[in-house]
Amino acid sequence: MLQYDPHAIEEKWQQVWEDTGANLMHIDDERPPYYVLEMFPYPSGDVHMGHVRNYSIGDVISRYKRMQGYNVLHPIGWDSFGMPAENAAIKENSSPHTWTYQNIERQRASLKRLGFSYDWSRTVITSDVDYYHWGQWIFLKFWELGLVERRSSPVNWCPDCNTVLANEQVLGEGDCWRCKTSVEKRELEQWFFKTTNYAEELLEDLNELTGWPERVKQMQANWIGKSIGADVVFTLCDETGEPTDETITVFTTRPDTLFGCSFFLLAPEHPLAERITKGTSYEAEVLKIKQLVESATAIEREKADREKNGAFTGCYVINPVNNEKLPIWVSDYVLMDYGTGAVMAVPSGDQRDFEFAQKYALPIPPVIVRKDDELYEQLAGVTECKISQVPWSEAYVGPGIMVQSGEFTGLPGGKDSEGSTAVINWLAERALGKASVNYRLRDWLISRQRYWGNPIPAVHCSFCGIVPVPYEDLPVELPMNIDVTAGETLAGNAAFCEVDCPACGKPARRETDTMDTFTCSSWYFLRYTDPHNPELPFNSKTVDTWLPVDQYIGGIEHAILHLLYSRFFTKGLRDAGLLGGADANRLLQRGEPFKNLLTQGMVKLNGETMSKSKGNVVAPEDMIARYGTDALRVYILFMAPPDKDLEWNQEGLEGIWRFLNRIWRSASDLLGELVVDSENNVLSIYDTSLTTADATERGKELNRDIHRVIGKVKDDVERFNFNTAIAAIMELANTVSTYIKLPVELRNKELCLRAAETLALLLAPMAPHFAEELWCTVLGKAEQGSVHKQTWPTHDPSQALTETVELAVQVNGKVKARITVALDAPEDEIKAEAYAAVAAIVEAAEPKKIIVVGGKLVNIVV
RNA sequence: GGGAGCGUGGCGGAAUUGGCAUACGCAGUGGACUUAAAAUCCACCGCCGCGAGGCUUGAGGGUUCGAGUCCCUCCGCUCCUACCA
């Protein structure tokens, strides 16, 4: 017998699989389709442990599903546009293109060395012209559908990356997602995808996604941030305090508190604030607040309880419900980009308004009062404002009874209360307001002022305005002769910029913004189904058979960004396909891309994320060099369930190495070979004291375990508990170790062979090379074909059962004795036997109740 | 402030529907083999106790014949989000 030599085995089989096209898939195969997708890598450096974990999980699922009889689509590619390529190129005096494609080749080699069963013929690289061409095509389709907009807007500007960012790319601390620099607000003309058009559907369809983790759905729902309430119209007064024709609308979730509104607020950047204070004595103070907001750092903004600042504008509005004149203030806690940038302030019902009113000595009239509050007695039924200052130390935001609220007094108030509805109806009848919904979700800002990205296919013409590049002129190719190390940009490249207007033919200027890289990763899973289509981004019929992706696997860090954008793209493409065609001509039928989602945890070292900058990276290559790919893959699956973070510990990897070696020896031993080590020392140890009776007993046990473990591994793999699936295989290996203590002549040959086969088949998805070598070489079953082409073994549950079972006997829930009974013993008999076993403890007391739990325990209650 | 999740041996973790807590592995201890070491094999391995026995899933309470699992209160940790009107 040869020693287990992972390097020789792994390289040999990788070559064989490549030569025989073992992992190629045929799209029209008649077996049922199953699409396994792992988030494709960004080619920023070497493959790391996080990749190994992500792709090992995907590979197990793919190989398992193939053995279950599915035609599995399991592709890989690279998300290769983006800024790190530019930064690295400048640092290394190279070009983004060279750097990117060198890294891709390095990563490709590593992924191949890891033995993942990708169909490499379907590789998609987003910076390849024949991919980004279709990104531009989709952009034009979205434009036709009204999903593209160019407008001036306050945007997030990263001064370090020299580009704008989408809201989703600004971290909680107000930092750039990539370089962590504090982001600034700037007013700029930019391209947007109108994600808000789908706000409701993006929220609503989360209910469909039963195969997604609750956590991710919750995060998306929070991000979309739906609020139900009302728009309320206030009338603006002129400088003398008389009402004008001009109105200003606010959004509120609490129309029931409208009588408690004692002042009115504008965001400091609100254009109205500037207009009504221009040239007045209030102007200076208002400007000060505006500057305060502009200069606020991310850390300051982070604090919700930070001091609120405001200034009076000298102007007033009229409250529509009671015609009361309310002062207009500006304050830094009012956000320009949520609602209308204006707020009705109800200090008794909102903590922020309460703090502001206290600071600036504004009235705080109560309008919603709890029945057990001291104010209730004084105010129940009072319609006019009798008390304008609450005795409370904070606002009351819960439900209660409306007071001091005119004709609405006495109604129940609170969020979505009867009082709210009544006020909304009253306002609507008088055209002073209406029921309304607001979302936190903003449109997706996709412009990037960077070179290494997909060019936006548009032309600026001084006669025609902004004109889309015609479909037949696509692709707009990204020029290769831009030297980023010399500070060159697309905008400075005359050959790229100078074009004729596609509409009028006169000289015009090409758009020089490129698209956010997330546009590239929002549809790559569609291209995989038809990666070389020269006419369309994908074939609609093919896409419909493969979509939605059956199992998507990736990191939780994409819970909002990538997963929300991909959902938006899928919905957009579904609707874009309808243009000029019937329903049957849709580009794709479904609006949701990913049916099941598994978010894998991070790989850490000493509690910290592995990263190059921290210098705490464990390189997969080093581990492969010592133990081989299979051991590394099995280990990373064994350490923890896939959705949990895991702590890297190399000693555990030694354990898996021993486990594989032991199976290797056991398999030879099972086939009757004498196992020796590299120095020819005999390792097989037969226990010659064992008898035929022992052999029968151990044979039964091994047979039982084979059936039990086959069933267990199937259940565990299907719910992604790879760690317990491997533990079960270890148990089978332990039983085999006991069995092969029998001298060869006492063994059951058929059983030995079945045990060895079972080990190879069960390990095939996790340790593909090891299992293949076991199957083809050690077991000599090469003529039956690859282990990966075999059918997943089935088990007979009845054969997994023992003839007798041991039951725990409890007295009042505490285990006091054990009895062994026949599997099919009648309950009366079990009760009697159990009682007899604990008679001494019970001391002849009459049991109140005896509970028998089949196959497990008996509980005697006394 | 809001939301989600977690807490089990020295360590990673198991316990699928409320039914024998600590599977499987790592580390550790003792032994066999060896001149020796490595490898391998065998045995032990939650805590207290010499023992019989008792205790144990962050703490406390509850429901139940029975709770790691369900409910309540508290403590601790992690992640997300945040002046969203």
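Order of the sequence lines fixes the chain letters, A, B, ..., with proteins taken first and strands second; residue numbering starts at 1 for each chain. This structure is a prediction, so every number in the text was calculated from the model and none was measured. Values below: every heavy atom of this structure, side chains too, minus hydrogens, waters and symmetry copies.
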Open item on the list: On the nucleotide A39(B), are OP1 or OP2 found under 4.0 Å from the side-chain N or O atoms that Arg662(A) carries?
Closed with: no
TODO: Applying side-chain contact (heavy atoms from CB on, under 4.5 Å), name anything that partners Glu269(A), two or more places apart in sequence or on another chain.
DONE: Ala267(A), Val293(A), Met336(A)
Open item on the list: Please verify the inter-ring angle class for Tyr338(A) with Phe251(A); under 30° counts as parallel, over 60° as perpendicular, anything in between as tilted.
Closed with: perpendicular
Task: Syn/anti state of G30(B) by chi, 90° boundary around 0 - done: anti
TODO: Could you list by number each residue of residues 647-659 of chain A showing a heavy-atom separation from RNA chain B of less than 4.0 Å, or answer none if no residue does?
DONE: Glu651(A), Gly655(A), Arg658(A)
Task: Phosphate OP1/OP2 of C84(B): any Arg352(A) side-chain N/O under 4.0 Å - done: yes
Could you list the protein-to-nucleotides 61-64 of chain B atom pairs, N/O on both sides, closer than 3.5 Å?
none

TODO: Report the residues that fulfil side-chain contact (heavy atoms from CB on, under 4.5 Å) with Ala395(A), sequence neighbours left out, ordered by chain and then residue number.
DONE: Gln351(A), Phe354(A)
Which atoms of nucleotides 14-19 of chain B (N or O only) lie under 3.5 Å from a protein N or O atom, and what are those distances?
residue	atom	partner	partner atom	Å
A14(B)	OP1	Asn723(A)	ND2	3.1
U16(B)	N3	Arg719(A)	NH2	3.4
U16(B)	O4	Lys712(A)	NZ	3.1

Task: Contact list for residues 249-268 of chain A, test side-chain hydrogen bond (donor to acceptor under 3.5 Å, both in side chains), sequence neighbours left out - done: Arg254(A)-Asp256(A), Asp256(A)-Ser420(A)
Open item on the list: Can you pull out every salt bridge (Lys or Arg N to Asp or Glu O under 4.0 Å) where at least one residue sits in residues 809-819 of chain A? Sequence neighbours excluded, please.
Closed with: Glu806(A)-Arg818(A)
Open item on the list: Lys359(A): which residues meet the side-chain contact (heavy atoms from CB on, under 4.5 Å) condition with it, sequence neighbours left out?
Closed with: Glu307(A), Asn309(A)
TODO: Identify all stems in which RNA chain B takes part, counting only runs of at least 3 consecutive pairs (Watson-Crick or G-U wobble, each distance under 3.5 Å), and give each as one range with another, ordered by first number.
DONE: B:1-7 with B:75-81, B:10-12 with B:24-26, B:28-32 with B:40-44, B:46-48 with B:53-55, B:58-62 with B:70-74
Open item on the list: Applying salt bridge (Lys or Arg N to Asp or Glu O under 4.0 Å) as the test, list every pair that has at least one member in residues 216-226 of chain A; sequence neighbours left out.
Closed with: Glu200(A)-Lys226(A), Glu214(A)-Lys217(A)
- [ ] Could I get the full list of side-chain contact (heavy atoms from CB on, under 4.5 Å) partners for Asn222(A), not counting sequence neighbours?
- [x] Gln218(A)
Open item on the list: Below the 4.0 Å mark, does G25(B) have OP1 or OP2 next to a side-chain nitrogen or oxygen of Asn734(A)?
Closed with: yes
- [ ] For residues 718-741 of chain A, pull every pair meeting salt bridge (Lys or Arg N to Asp or Glu O under 4.0 Å), keeping only residues two or more places apart or in separate chains.
- [x] Arg708(A)-Glu731(A), Lys714(A)-Glu718(A), Asp716(A)-Arg719(A)
Open item on the list: Show, in sequence, the C-alpha distance, side-chain angles and deciding distance for Tyr333(A) and Val343(A), and conclude whether the side-chain contact (heavy atoms from CB on, under 4.5 Å) test is met.
Closed with: CA-CA 10 Å; Tyr333(A) 77 92; Val343(A) 172; 5.8 Å; no
